[in-house]
There are 2 protein chains.
Amino acid sequence: MKSAKKLNNTQLPKISVAKMEGACQEVSDLLRALSHPQRLLIMGHLTQGPKTVTELTGLCAVSQSQLSQFLGRMKAEGLVSSERQGKYQYYAVADKRLVQLMAVIQNIFCC
Amino acid sequence: MKSAKKLNNTQLPKISVAKMEGACQEVSDLLRALSHPQRLLIMGHLTQGPKTVTELTGLCAVSQSQLSQFLGRMKAEGLVSSERQGKYQYYAVADKRLVQLMAVIQNIFCC
DNA sequence: TTTTCATATTAACATATCATAATATGTTAA
DNA sequence: TTAACATATTATGATATGTTAATATGAAAA
(Lines give C-alpha, C1' and ligand atoms only; values in the text may rest on other atoms or scores of the structure.)
Protein backbone atom coordinates (compact mmCIF):
# COMPACT_ATOMS: atom_id res chain seq x y z
CA MET A 1 0.00 0.00 0.00
CA LYS A 2 3.04 2.24 0.12
CA SER A 3 3.86 3.28 -3.42
CA ALA A 4 1.70 5.42 -5.64
CA LYS A 5 2.21 2.83 -8.31
CA LYS A 6 0.64 0.08 -6.30
CA LEU A 7 -2.23 2.30 -5.24
CA ASN A 8 -2.76 3.18 -8.85
CA ASN A 9 -2.86 -0.45 -9.85
CA THR A 10 -5.67 -1.19 -7.50
CA GLN A 11 -7.76 1.67 -8.92
CA LEU A 12 -7.26 1.23 -12.63
CA PRO A 13 -8.93 -1.54 -14.58
CA LYS A 14 -6.45 -4.06 -15.88
CA ILE A 15 -5.93 -3.86 -19.60
CA SER A 16 -3.78 -6.08 -21.73
CA VAL A 17 -2.70 -4.33 -24.87
CA ALA A 18 -1.37 -7.61 -26.23
CA LYS A 19 -4.81 -9.17 -26.15
CA MET A 20 -6.21 -6.11 -27.81
CA GLU A 21 -3.74 -6.27 -30.65
CA GLY A 22 -5.15 -9.51 -31.91
CA ALA A 23 -8.69 -8.23 -31.85
CA CYS A 24 -8.35 -4.57 -32.73
CA GLN A 25 -9.49 -4.94 -36.32
CA GLU A 26 -12.60 -6.85 -35.34
CA VAL A 27 -13.38 -4.56 -32.43
CA SER A 28 -12.86 -1.39 -34.42
CA ASP A 29 -15.18 -2.72 -37.12
CA LEU A 30 -17.77 -3.29 -34.45
CA LEU A 31 -17.34 0.17 -32.98
CA ARG A 32 -17.58 1.74 -36.40
CA ALA A 33 -20.77 -0.13 -37.13
CA LEU A 34 -22.17 1.37 -33.92
CA SER A 35 -20.79 4.84 -34.53
CA HIS A 36 -23.81 6.53 -35.99
CA PRO A 37 -26.46 8.22 -33.86
CA GLN A 38 -29.32 6.35 -35.49
CA ARG A 39 -27.58 3.00 -35.57
CA LEU A 40 -26.76 3.38 -31.90
CA LEU A 41 -30.39 4.14 -31.19
CA ILE A 42 -31.54 1.19 -33.28
CA MET A 43 -29.27 -1.05 -31.23
CA GLY A 44 -30.65 0.50 -28.07
CA HIS A 45 -34.19 -0.32 -29.11
CA LEU A 46 -33.23 -3.84 -30.15
CA THR A 47 -31.71 -4.50 -26.72
CA GLN A 48 -35.30 -4.25 -25.50
CA GLY A 49 -36.32 -7.14 -27.76
CA PRO A 50 -36.81 -7.98 -31.43
CA LYS A 51 -38.53 -5.38 -33.57
CA THR A 52 -39.87 -5.19 -37.10
CA VAL A 53 -38.61 -2.60 -39.54
CA THR A 54 -41.95 -0.86 -39.31
CA GLU A 55 -41.72 -0.66 -35.54
CA LEU A 56 -38.21 0.75 -35.77
CA THR A 57 -39.38 3.32 -38.30
CA GLY A 58 -41.78 4.55 -35.64
CA LEU A 59 -39.10 4.58 -32.97
CA CYS A 60 -36.26 6.21 -34.90
CA ALA A 61 -36.38 9.26 -37.13
CA VAL A 62 -35.02 7.53 -40.21
CA SER A 63 -36.45 6.97 -43.66
CA GLN A 64 -37.51 3.46 -44.61
CA SER A 65 -34.71 3.21 -47.12
CA GLN A 66 -32.01 4.31 -44.74
CA LEU A 67 -33.32 2.11 -41.97
CA SER A 68 -33.21 -0.88 -44.26
CA GLN A 69 -29.69 0.02 -45.32
CA PHE A 70 -28.58 0.49 -41.72
CA LEU A 71 -30.06 -2.85 -40.73
CA GLY A 72 -28.48 -4.53 -43.71
CA ARG A 73 -25.12 -3.20 -42.78
CA MET A 74 -25.52 -4.02 -39.11
CA LYS A 75 -26.45 -7.55 -40.08
CA ALA A 76 -23.44 -7.85 -42.37
CA GLU A 77 -21.26 -6.69 -39.48
CA GLY A 78 -22.79 -9.26 -37.15
CA LEU A 79 -24.54 -6.78 -34.86
CA VAL A 80 -28.05 -7.98 -35.56
CA SER A 81 -29.83 -11.01 -36.91
CA SER A 82 -33.13 -11.13 -38.75
CA GLU A 83 -35.97 -13.55 -39.14
CA ARG A 84 -39.00 -13.20 -41.34
CA GLN A 85 -42.39 -13.92 -39.83
CA GLY A 86 -45.14 -13.51 -42.35
CA LYS A 87 -44.86 -10.12 -43.89
CA TYR A 88 -42.67 -8.76 -41.15
CA GLN A 89 -38.95 -9.00 -40.80
CA TYR A 90 -37.89 -9.16 -37.17
CA TYR A 91 -34.48 -7.84 -36.25
CA ALA A 92 -32.72 -8.67 -33.00
CA VAL A 93 -29.37 -8.14 -31.32
CA ALA A 94 -27.15 -10.92 -32.62
CA ASP A 95 -24.95 -11.43 -29.60
CA LYS A 96 -25.48 -11.06 -25.86
CA ARG A 97 -22.09 -9.41 -25.56
CA LEU A 98 -23.50 -6.51 -27.54
CA VAL A 99 -26.29 -6.07 -25.02
CA GLN A 100 -23.63 -5.96 -22.33
CA LEU A 101 -21.68 -3.38 -24.27
CA MET A 102 -24.73 -1.21 -24.85
CA ALA A 103 -25.56 -1.35 -21.15
CA VAL A 104 -22.05 -0.34 -20.19
CA ILE A 105 -21.95 2.47 -22.70
CA GLN A 106 -25.18 3.78 -21.33
CA ASN A 107 -24.09 3.50 -17.73
CA ILE A 108 -20.84 5.30 -18.40
CA PHE A 109 -21.90 7.98 -20.87
CA CYS A 110 -25.66 8.54 -20.63
CA CYS A 111 -26.13 9.80 -17.07
CA MET B 1 -39.90 -16.00 -10.56
CA LYS B 2 -42.73 -17.53 -12.52
CA SER B 3 -42.83 -15.90 -15.91
CA ALA B 4 -40.13 -16.10 -18.54
CA LYS B 5 -40.47 -12.35 -18.82
CA LYS B 6 -39.54 -11.74 -15.23
CA LEU B 7 -36.71 -14.20 -15.41
CA ASN B 8 -35.49 -12.43 -18.47
CA ASN B 9 -35.60 -9.08 -16.75
CA THR B 10 -33.34 -10.28 -14.01
CA GLN B 11 -30.76 -11.49 -16.51
CA LEU B 12 -30.64 -8.61 -18.94
CA PRO B 13 -28.82 -5.38 -18.14
CA LYS B 14 -31.20 -2.48 -17.76
CA ILE B 15 -31.05 -0.03 -20.60
CA SER B 16 -32.95 3.20 -20.96
CA VAL B 17 -33.33 4.15 -24.57
CA ALA B 18 -34.65 7.54 -23.53
CA LYS B 19 -31.37 8.39 -21.80
CA MET B 20 -29.50 7.20 -24.83
CA GLU B 21 -31.44 9.44 -27.17
CA GLY B 22 -30.06 12.56 -25.58
CA ALA B 23 -26.50 11.34 -25.81
CA CYS B 24 -26.42 9.30 -28.99
CA GLN B 25 -24.72 11.95 -31.08
CA GLU B 26 -21.98 12.47 -28.54
CA VAL B 27 -21.54 8.76 -27.92
CA SER B 28 -21.49 7.86 -31.58
CA ASP B 29 -18.84 10.52 -32.17
CA LEU B 30 -16.79 8.92 -29.44
CA LEU B 31 -17.22 5.44 -30.86
CA ARG B 32 -16.29 6.63 -34.30
CA ALA B 33 -13.16 8.27 -32.99
CA LEU B 34 -12.22 4.87 -31.53
CA SER B 35 -13.24 2.90 -34.59
CA HIS B 36 -9.90 2.43 -36.25
CA PRO B 37 -7.54 -0.43 -35.42
CA GLN B 38 -4.58 1.84 -34.81
CA ARG B 39 -6.53 4.44 -32.88
CA LEU B 40 -7.94 1.71 -30.68
CA LEU B 41 -4.45 0.41 -30.07
CA ILE B 42 -3.16 3.90 -29.33
CA MET B 43 -5.90 4.28 -26.75
CA GLY B 44 -4.98 0.90 -25.32
CA HIS B 45 -1.39 1.95 -24.88
CA LEU B 46 -2.41 5.27 -23.37
CA THR B 47 -4.53 3.51 -20.77
CA GLN B 48 -1.20 2.24 -19.44
CA GLY B 49 -0.03 5.79 -18.86
CA PRO B 50 1.04 8.89 -20.81
CA LYS B 51 3.28 8.35 -23.81
CA THR B 52 5.23 10.54 -26.20
CA VAL B 53 4.61 10.43 -29.93
CA THR B 54 7.98 8.78 -30.38
CA GLU B 55 7.10 6.06 -27.89
CA LEU B 56 3.80 5.46 -29.63
CA THR B 57 5.56 5.24 -32.97
CA GLY B 58 7.53 2.36 -31.52
CA LEU B 59 4.44 0.67 -30.13
CA CYS B 60 2.11 1.04 -33.10
CA ALA B 61 2.80 0.36 -36.75
CA VAL B 62 1.91 3.83 -37.96
CA SER B 63 3.86 6.50 -39.76
CA GLN B 64 4.83 9.60 -37.85
CA SER B 65 2.49 11.71 -39.93
CA GLN B 66 -0.49 9.49 -39.49
CA LEU B 67 0.15 9.08 -35.79
CA SER B 68 0.25 12.82 -35.36
CA GLN B 69 -2.96 13.15 -37.36
CA PHE B 70 -4.66 10.44 -35.34
CA LEU B 71 -3.61 12.04 -32.08
CA GLY B 72 -4.75 15.42 -33.31
CA ARG B 73 -8.13 14.05 -34.15
CA MET B 74 -8.43 12.11 -30.92
CA LYS B 75 -7.58 15.26 -29.03
CA ALA B 76 -10.16 17.26 -30.96
CA GLU B 77 -12.73 14.61 -30.08
CA GLY B 78 -11.80 14.76 -26.41
CA LEU B 79 -10.33 11.28 -26.18
CA VAL B 80 -6.84 12.35 -25.25
CA SER B 81 -5.05 15.33 -23.83
CA SER B 82 -1.50 16.45 -24.46
CA GLU B 83 1.19 18.27 -22.57
CA ARG B 84 4.55 19.33 -23.82
CA GLN B 85 7.57 18.55 -21.67
CA GLY B 86 10.75 19.81 -23.21
CA LYS B 87 10.99 18.45 -26.69
CA TYR B 88 8.47 15.71 -26.09
CA GLN B 89 4.73 15.91 -26.34
CA TYR B 90 3.03 13.61 -23.86
CA TYR B 91 -0.38 12.26 -24.72
CA ALA B 92 -2.73 10.76 -22.15
CA VAL B 93 -6.29 9.47 -21.92
CA ALA B 94 -8.43 12.53 -21.33
CA ASP B 95 -11.15 10.99 -19.21
CA LYS B 96 -11.26 8.11 -16.73
CA ARG B 97 -14.52 6.93 -18.22
CA LEU B 98 -12.61 6.11 -21.37
CA VAL B 99 -10.27 3.87 -19.42
CA GLN B 100 -13.33 2.13 -18.04
CA LEU B 101 -14.74 1.72 -21.51
CA MET B 102 -11.49 0.33 -22.88
CA ALA B 103 -11.33 -2.16 -20.04
CA VAL B 104 -14.88 -3.31 -20.65
CA ILE B 105 -14.34 -3.63 -24.37
CA GLN B 106 -11.30 -5.72 -23.74
CA ASN B 107 -13.02 -7.92 -21.20
CA ILE B 108 -15.96 -8.54 -23.47
CA PHE B 109 -14.30 -8.87 -26.85
CA CYS B 110 -10.63 -9.67 -26.42
CA CYS B 111 -10.66 -13.07 -24.72
C1' DT C 1 23.57 30.03 -34.77
C1' DT C 2 23.44 25.99 -37.13
C1' DT C 3 22.12 21.24 -36.75
C1' DT C 4 19.37 17.67 -35.12
C1' DC C 5 15.50 15.57 -33.26
C1' DA C 6 10.37 15.62 -32.20
C1' DT C 7 6.09 16.81 -33.78
C1' DA C 8 2.58 19.13 -36.71
C1' DT C 9 0.58 20.65 -40.97
C1' DT C 10 -0.60 20.56 -45.82
C1' DA C 11 -1.68 18.59 -50.15
C1' DA C 12 -3.44 15.01 -52.99
C1' DC C 13 -5.89 11.07 -54.11
C1' DA C 14 -8.47 6.75 -53.15
C1' DT C 15 -12.10 4.84 -50.69
C1' DA C 16 -16.02 4.80 -47.48
C1' DT C 17 -20.05 6.77 -45.62
C1' DC C 18 -24.41 9.62 -45.48
C1' DA C 19 -28.66 11.03 -47.29
C1' DT C 20 -32.29 11.02 -50.58
C1' DA C 21 -35.08 9.54 -54.38
C1' DA C 22 -36.62 6.07 -57.28
C1' DT C 23 -37.62 1.48 -58.15
C1' DA C 24 -37.93 -3.48 -57.18
C1' DT C 25 -39.19 -7.60 -54.55
C1' DG C 26 -41.88 -10.39 -51.44
C1' DT C 27 -46.11 -11.29 -48.75
C1' DT C 28 -50.85 -11.04 -47.60
C1' DA C 29 -55.62 -9.67 -48.34
C1' DA C 30 -59.29 -8.54 -51.34
C1' DT D 1 -54.91 -12.04 -60.01
C1' DT D 2 -54.64 -7.61 -58.56
C1' DA D 3 -54.06 -4.25 -54.82
C1' DA D 4 -51.87 -2.92 -50.67
C1' DC D 5 -48.37 -3.16 -47.47
C1' DA D 6 -43.50 -4.36 -45.78
C1' DT D 7 -38.94 -4.44 -46.93
C1' DA D 8 -34.84 -4.32 -49.98
C1' DT D 9 -31.99 -2.59 -53.69
C1' DT D 10 -29.97 0.70 -56.81
C1' DA D 11 -28.29 5.08 -58.23
C1' DT D 12 -26.41 9.52 -57.20
C1' DG D 13 -24.05 13.31 -55.21
C1' DA D 14 -22.21 15.36 -51.03
C1' DT D 15 -19.11 14.77 -47.30
C1' DA D 16 -15.79 12.24 -44.39
C1' DT D 17 -12.00 9.25 -43.78
C1' DG D 18 -7.54 6.72 -44.79
C1' DT D 19 -3.09 6.89 -46.65
C1' DT D 20 1.19 8.70 -48.25
C1' DA D 21 4.55 12.15 -49.34
C1' DA D 22 6.36 16.52 -48.67
C1' DT D 23 7.15 20.41 -45.97
C1' DA D 24 6.92 23.31 -41.76
C1' DT D 25 7.48 24.37 -36.87
C1' DG D 26 9.50 24.12 -32.32
C1' DA D 27 12.87 22.74 -28.80
C1' DA D 28 17.41 21.30 -27.52
C1' DA D 29 22.26 20.05 -28.44
C1' DA D 30 26.47 20.96 -30.65
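The chains referred to below are lettered A, B, ... by the order of the sequence lines, with proteins before strands, and numbering in each begins at 1. What you see below is based on every heavy atom in this structure, not just the backbone, and it leaves out hydrogens, waters and symmetry mates.
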Do A:Thr47 and A:Leu98 touch side chain to side chain, with heavy atoms closer than 4.5 Å? no
For residues 38-46 of chain A, run the donor-acceptor check on the side chains, cut-off 3.5 Å, and write out each pair with its distance to 0.1 Å, sequence neighbours left out.
unit_1	atom_1	unit_2	atom_2	d
A:Arg39	NE	A:Ala33	O	2.7
A:Arg39	NH2	A:Arg32	O	3.4

According to a strict under-4.0 Å criterion, is A:Arg39 in side-chain N/O contact with OP1 or OP2 of C:dC18?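 True: A:Arg39 side-chain N/O within range (under 4.0 Å) of C:dC18 OP1/OP2.
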Roughly, in whole Å, what's the span from [atom1] in [X] to [atom2] in [N]?
X: A:Leu71; N: C:dC18; atom1: CG; atom2: P; result: 14 Å
X: A:Ile42; N: C:dC18; atom1: CD1; atom2: C1'; result: 13 Å
X: B:Glu83; N: C:dA6; atom1: CD; atom2: C1'; result: 16 Å
X: B:Leu67; N: C:dT9; atom1: CG; atom2: P; result: 13 Å

Pairs where residues 102-111 of chain B contributes a residue and the test salt bridge (charged side-chain N to carboxylate O under 4.0 Å, His left out) is met, not counting sequence neighbours: none
In short, salt bridge (charged side-chain N to carboxylate O under 4.0 Å, His left out) pairs touching residues 63-73 of chain B with sequence neighbours left out are B:Arg73-B:Glu77
Report, one line per pair, each donor and acceptor closer than 3.5 Å where one atom sits in a side chain of residues 15-28 of chain A; sequence neighbours left out.
unit_1	atom_1	unit_2	atom_2	d
A:Ser16	OG	A:Lys19	N	3.1
A:Gln25	NE2	A:Asp29	OD1	3.1
A:Ser28	OG	A:Cys24	O	2.9
A:Ser28	OG	A:Gln25	O	3.0

What residues form a side-chain hydrogen bond (donor to acceptor under 3.5 Å, both in side chains) with A:Lys75, not counting sequence neighbours? A:Ser82
Checking A:Gln64 now: which residues fulfil side-chain hydrogen bond (donor to acceptor under 3.5 Å, both in side chains) with it, not counting sequence neighbours? none
Please list, pair by pair, any protein nitrogen or oxygen found under 3.5 Å from a nitrogen or oxygen in nucleotides 19-21 of chain D.
unit_1	atom_1	unit_2	atom_2	d
D:dT19	OP2	B:His36	NE2	2.9
D:dT19	OP2	B:Gln66	NE2	3.0
D:dT20	O4	B:Gln69	NE2	3.0
D:dA21	N6	B:Ser65	OG	2.9

Distances for protein N/O vs nucleotides 3-7 of chain D N/O pairs under 3.5 angstrom?
unit_1	atom_1	unit_2	atom_2	d
D:dA6	O3'	A:Lys87	O	3.3
D:dT7	OP1	A:Gln89	N	3.0
D:dT7	OP2	A:Thr54	N	2.7
D:dT7	OP2	A:Thr54	OG1	2.2

I need the [X] [atom1] to [Y] [atom2] distance, nearest 0.5 Å.
X: B:Met74; Y: B:Ser81; atom1: CE; atom2: OG; value: 11.0 Å
X: A:Ile108; Y: B:Leu30; atom1: CD1; atom2: CG; value: 9.5 Å
X: B:Gln100; Y: A:Ile105; atom1: CD; atom2: CD1; value: 12.0 Å

So, with a heavy-atom separation below 4.0 Å from DNA chain D, the residues of residues 73-80 of chain A are none
Report the secondary structure of DNA chain C in dot-bracket form, marking unpaired bases with a dot and bases paired to a different strand with |, and treating Watson-Crick or G-U pairs with both distances under 3.5 Å as paired. ||||||||||||||||||||||||||||||
Name each donor-acceptor pair under 3.5 Å that joins a side chain in residues 48-62 of chain A to protein atoms two or more places apart or in another chain, with its distance.
unit_1	atom_1	unit_2	atom_2	d
A:Lys51	NZ	A:Gly49	O	3.4
A:Thr52	OG1	A:Thr54	N	3.4
A:Thr52	OG1	A:Glu55	N	3.0
A:Glu55	OE1	A:Thr52	N	2.7
A:Thr57	OG1	A:Val53	O	2.8

Would you check if the side chain of B:Arg84 reaches a backbone N or O of B:Gly86 as a donor-acceptor pair within less than 3.5 Å? yes
Test of understanding: with ring-ring contact (aromatic ring centres under 6.0 Å, His included), list the residues that count as partners of A:Phe70, not counting sequence neighbours.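 Partners of A:Phe70 by the ring-ring contact (aromatic ring centres under 6.0 Å, His included) criterion, ordered by chain and then number, come out as A:His36.
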